[in-house]
Structure formats: structure tokens, C-alpha cells
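All remarks here apply to the structure that follows.
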Amino acid sequence: MSNTAHVQNNRIMYIDLLRILSIVAVIVLHITASLLTRTNDFTTTSWWVSNVFNSICRFAVPVFFMISGAMILRIEVKSYKGFYKLSSVSCTG
């Protein structure tokens with residue numbers, strides 16, 4: 001399997017797909033969290049469905065951190081000063 005199959009226009013396609021999946025999962029986390037905290041009645045079906053979806057989507061935040069780390073590894077860093085300068089410019093602009 002070649003790298004050119006997964007890289008298109010200097011983008012890694014599976015990273016983009018992971019980002020999309022994680023974005024949807026974070027949205028589901030926020031929706032289900034409000035449903036879970038609204039009641040303490042564990043016998044309702046809506047609470048259990050919300051709990052299952054919330055549990056399934058817990059992967060999203062760590063995946064965002066892993067994607068950020070993978071993208072940082074692609075940058076050639078010659079000094080810490082240059083790295084932090086590059087990181088702060090990319091975060092603000």
C-alpha cells in the first residue's frame with residue numbers, strides 16, 4: 001500500500017476522516033451529556049440510550065489529541081524556539 005493512495009493535495013485522507021468522525025462524536029457527547037445529567041431516573045429507556053451513545057463516543061477527545069500529535073510529528077523542528085513560534089502563529093492565524 002503506497003502513501004500516495006492516502007495523501008491527496010498534501011492532506012492525509014484517513015486523518016481527515018478521523019477528524020470528521022470525532023467531530024460528530026463530540027456533538028453526540030454534548031447532546032447525550034445534557035440528557036444524562038437532566039435526570040437520575042436510571043429506569044428510563046432514554047437515559048440508557050443516551051448512556052450507550054455517550055460511552056461509545058468517548059474516543060473522540062483522545063483522537064483529537066492524537067491527530068494533533070501526528071500532525072506535529074510531520075513538521076521538521078530545528079529548535080524549540082522555532083517550534084513554539086510556529087505553533088503560536090498557526091494557532092492564532
Please table the atom pairs, donor to acceptor, closer than 3.5 Å between any side-chain atom in residues 60-70 and protein atoms at least two apart or in another chain.
unit_1: S68; atom_1: OG; unit_2: F64; atom_2: O; d: 3.1

Original post:
Does one hydrophobic cluster hold both M71 and L21, with members joined at side-chain heavy-atom distances below 4.5 Å?
Top reply: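 They do share one cluster, since a chain of ILVMFWY contacts under 4.5 Å joins M71 to L21.
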**OP:** Find out if a path of hydrophobic residues (ILVMFWY) with successive side-chain heavy-atom gaps under 4.5 Å connects I12 to L17.
**Re:** no
To the closest 0.5 Å, what do you measure between [atom1] ([X]) and [atom2] ([Y])?
X	Y	atom1	atom2	answer
N40	T37	CG	OG1	9.0 Å
I20	I15	CD1	CD1	12.0 Å
I31	L36	CD1	CG	12.0 Å
N54	R58	CG	CZ	4.5 Å

Subject >> Pairwise side-chain contact, T39 with W47, heavy-atom cut-off 4.5 Å (strictly under) >> reply: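 In short, these two side chains touch, coming nearer than 4.5 Å.
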If you look only at distance, which donor and acceptor atoms sit under 3.5 Å apart when one is on a side chain in residues 22-30 and the other is two or more places apart or in another chain?
unit_1: S22; atom_1: OG; unit_2: L18; atom_2: O; d: 2.9

Subject >> Under the salt bridge (Lys or Arg N to Asp or Glu O under 4.0 Å) test, residues paired with R38 that sit two or more places apart >> reply: none
**OP:** Verify the neighbour count for atom CZ of F59: are there more than 12 heavy atoms of other residues, nucleotides or ligands below 6.0 Å?
**Re:** yes
